[in-house]
Protein chains: 2
Amino acid sequence: MSQINLNSLKSLVIFKTLYETGTATRTAKDLSITQSGVSRSLAQLEENIGMPLFIRHKKRLVAMPEADELYSEILALLGNLEEMKHSIVALREFGASRMRLAAVPGLGFAFVPKIIAAVLQINPSYNIYFDIMPSSEVVRAVESGHFDAGFVTLPVNSQTLIVDKICEVEAVSLIPLNHSLASKDIITIEDLQDQHLVIPNQPNLAADQLLMQIAQNNIRISGKTEANIAAICSLVANGVGISLINPITAYDLAALDRVVIKPFKPAFNYSFGLVYKRNWSGNQLIKLLKENLPDIPA
Amino acid sequence: MSQINLNSLKSLVIFKTLYETGTATRTAKDLSITQSGVSRSLAQLEENIGMPLFIRHKKRLVAMPEADELYSEILALLGNLEEMKHSIVALREFGASRMRLAAVPGLGFAFVPKIIAAVLQINPSYNIYFDIMPSSEVVRAVESGHFDAGFVTLPVNSQTLIVDKICEVEAVSLIPLNHSLASKDIITIEDLQDQHLVIPNQPNLAADQLLMQIAQNNIRISGKTEANIAAICSLVANGVGISLINPITAYDLAALDRVVIKPFKPAFNYSFGLVYKRNWSGNQLIKLLKENLPDIPA
DNA sequence: ACAGAATCATGACTAAATATCATCAACTAA
DNA sequence: TTAGTTGATGATATTTAGTCATGATTCTGT
């Protein structure tokens, strides 16, 4: 096969139009070029593919049967090209359309689902895959390429990932509605004296800090229940004890007719972040995620 | 949709290779261009489609998720292009691959089928549609575009068609094996005195000439049978009379164990031709038809 | 039959797109 | 540190694609 040189899509478009209109002059008008350009383009195409496509008869271009067959091939190719252009426009408008998302449980129950809902509201054609896992596993999952981005509890240590802090909140206390502390405006660490604590059973920075402070301030708690974060609100609502968790999870999960949420002093900070591989930086979907963070309860 | 300018397939090939190899340097080597060319091509492609495809990180090009999706699109497009190149090569080698052929009955029973067989021997992938009809209808069928080419009895009058004479033969006489004339080497017009003639019932130049000559030479025939050319040989073989037909049909249809074929004087010439529309001139298949004419019996 | 309009091809020229060379800055790995 | 990568970029050359002006035919309508 002596090499066929088809770098120029224009010559194919010109051929197609010429085949359809039948004359070079008309083609030139349609494509806003000159007749001589059409004539040259055709001559060069014929030269390139090594065979005549039109016979010149009485100053007219008459399509040869070879042109018939080539025409349908070119139709398919140019159709394919148009499809690709549409895809490109979609890509440019909406970015890559598939994203595998992971989130830490504290954000996974409502915070991230809200984000996903908002993004899909904007463009329903995105494909999202979402799972919940501990922060360290989120990092591993994104690093390994099994997920594209993840919501984590900060800090994380990863050389390869980009980490964007998305919010910083102060822990709030969660108190059963009929509890003696429920009427206070602010809960302090001293209020925890002789209380039963309900805290997350997974590695949790704020819980660790809290326990440390309790020890430092010589406060004696009556006992503690460690539970999955998803169960904490329910435990509090049923009067097991009081809890200290991040306000996002608190507002997401709390049965507000059975518990109250109160500020806590001293403040324990939670930071949450979005992590993703470097090649996702600048991606439209990442941008959308960051632009659609739900309001954080005051 | 701000217009996307994809005239240059080269930039797509460069993108594809870059995506596959991962580095511009390697891509340049693979494609036998320079690294700067690759860099420029990518920059220009990104400019064209209006979004970045690779992020530049520590002097490396890292594919963004948008590039993933574009890559599969481009794979499809370039695959399509390769297919088209193959088609073009096939077209160049073998010409257009479908031909609707018509032929006059005298050639349609064996002469043209032999040609078709020879051509298909050379390239079995041709698609042939073949029918038999009178010469004038062959011309009309080709002129109207229902058929691409036709074998006709010359002369034909058509302004629009190209007519190539393919052979000229002299009529021969067809004589029953046990007939009194069967032993003569050459049959002359005088031999027809008091004979029963079997002649084609369709408009036939040679038959007309023969009847005219008979009248001019004051020869009285005992009678005549006009029949479809396909039946003439059989009629002669069964002793109905003697016939004068073109040697091609004669040798194609004659039951040579029951009839003899003899030269006839004076000579009546038959000319056969191939007709086709102008846009088929130069076509490979037309060329092949003309190159594979069967031997004409002496 | 003839004038005028329309067809495509082509030489000479120009503009635009592509690629190159040489070099730089950033990074990697010995 | 040093030698060897990487990709980007300014200046330049080359190749490609298009224009203009013109010519040779052919068609069309009077």
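Just so it is clear: chains get the letters A, B, ... in the order the sequence lines come, proteins before strands, and each one is counted from 1. Values below: all heavy atoms of this structure, side chains included; hydrogens, waters and symmetry mates excluded.
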Rounded distance (Å) that lies between atom P of D:dG7 and atom CZ of B:R26: 12 Å
Non-hydrogen side-chain atoms of B:L101 and B:D131 separated by less than 4.5 Å: no
For A:R60 and A:G37, take the nucleotide of DNA chain D holding the closest heavy atom to each; which residue's nucleotide lies nearer the 5' end? A:G37
On the nucleotide C:dA17, are OP1 or OP2 found under 4.0 Å from the side-chain N or O atoms that B:K10 carries? no
Is there, by distance only and without an angle test, a donor paired with an acceptor across the side chain of B:Q35 and the base of D:dA8 below 3.5 Å? yes
Mind checking A:S8 for me? I need base, sugar-phosphate or nothing, with any heavy atom below 4.0 Å counting as a touch. sugar-phosphate
So, OP1 or OP2 of C:dA19: does either fall under 4.0 Å of a side-chain N or O from B:T34? no
Below 3.5 Å, does any donor atom in the side chain of A:S36 face an acceptor in the base of C:dC8, or the other way round? no
Between B:S11 and B:S41, is there a side-chain donor-acceptor contact under 3.5 Å, judged purely by atom types and distance? no
Here the distance between atom P of C:dT18 and atom CD of B:E47, to the nearest Å, is 13 Å
Could you tell me the separation between the CZ atom of B:R278 and the C1' atom of D:dT26, rounded to a whole number of Å? 13 Å
A:L42 CG - C:dT7 P separation (whole Å): 16 Å
Closest to the 5' end of DNA chain D, once A:I33 and A:H57 are matched to their nearest nucleotides, is A:I33
Relative to the 5' end of DNA chain C, which residue comes earlier, A:R40 or A:K59, by the nucleotide with the nearest heavy atom? A:K59
Would you tell me whether B:T21 and B:T23 have side-chain atoms, one donor and one acceptor, within less than 3.5 Å of each other? no
Minimum-distance nucleotide (side-chain atoms of A:S39 versus D:dA8, C:dT10, D:dA17): C:dT10
Euclidean distance, atom CG of residue A:L9 to atom P of C:dA17 [Å, nearest integer]: 15 Å
With the side chain defined as heavy atoms from C-beta on, A:T23 is closest, among C:dC8, C:dT28, C:dT20, to C:dC8
Whole-Å distance, A:L45 CG to D:dT16 P, equals 15 Å
Side-chain donor-acceptor pair under 3.5 Å between A:D148 and A:Y129, yes or no? no
Would you kindly give the CG-to-P distance between B:L6 and C:dT18, to the nearest whole Å? 11 Å
Proximal nucleotide (of D:dG18, D:dA8, D:dT6) relative to the B:L61 side chain: D:dA8
Distance col, row B:M64:CE vs A:L91:CG, nearest 0.5 angstrom, shows 10.0 Å
Length of the CD1-P vector between B:I14 and D:dA8, whole Å: 13 Å
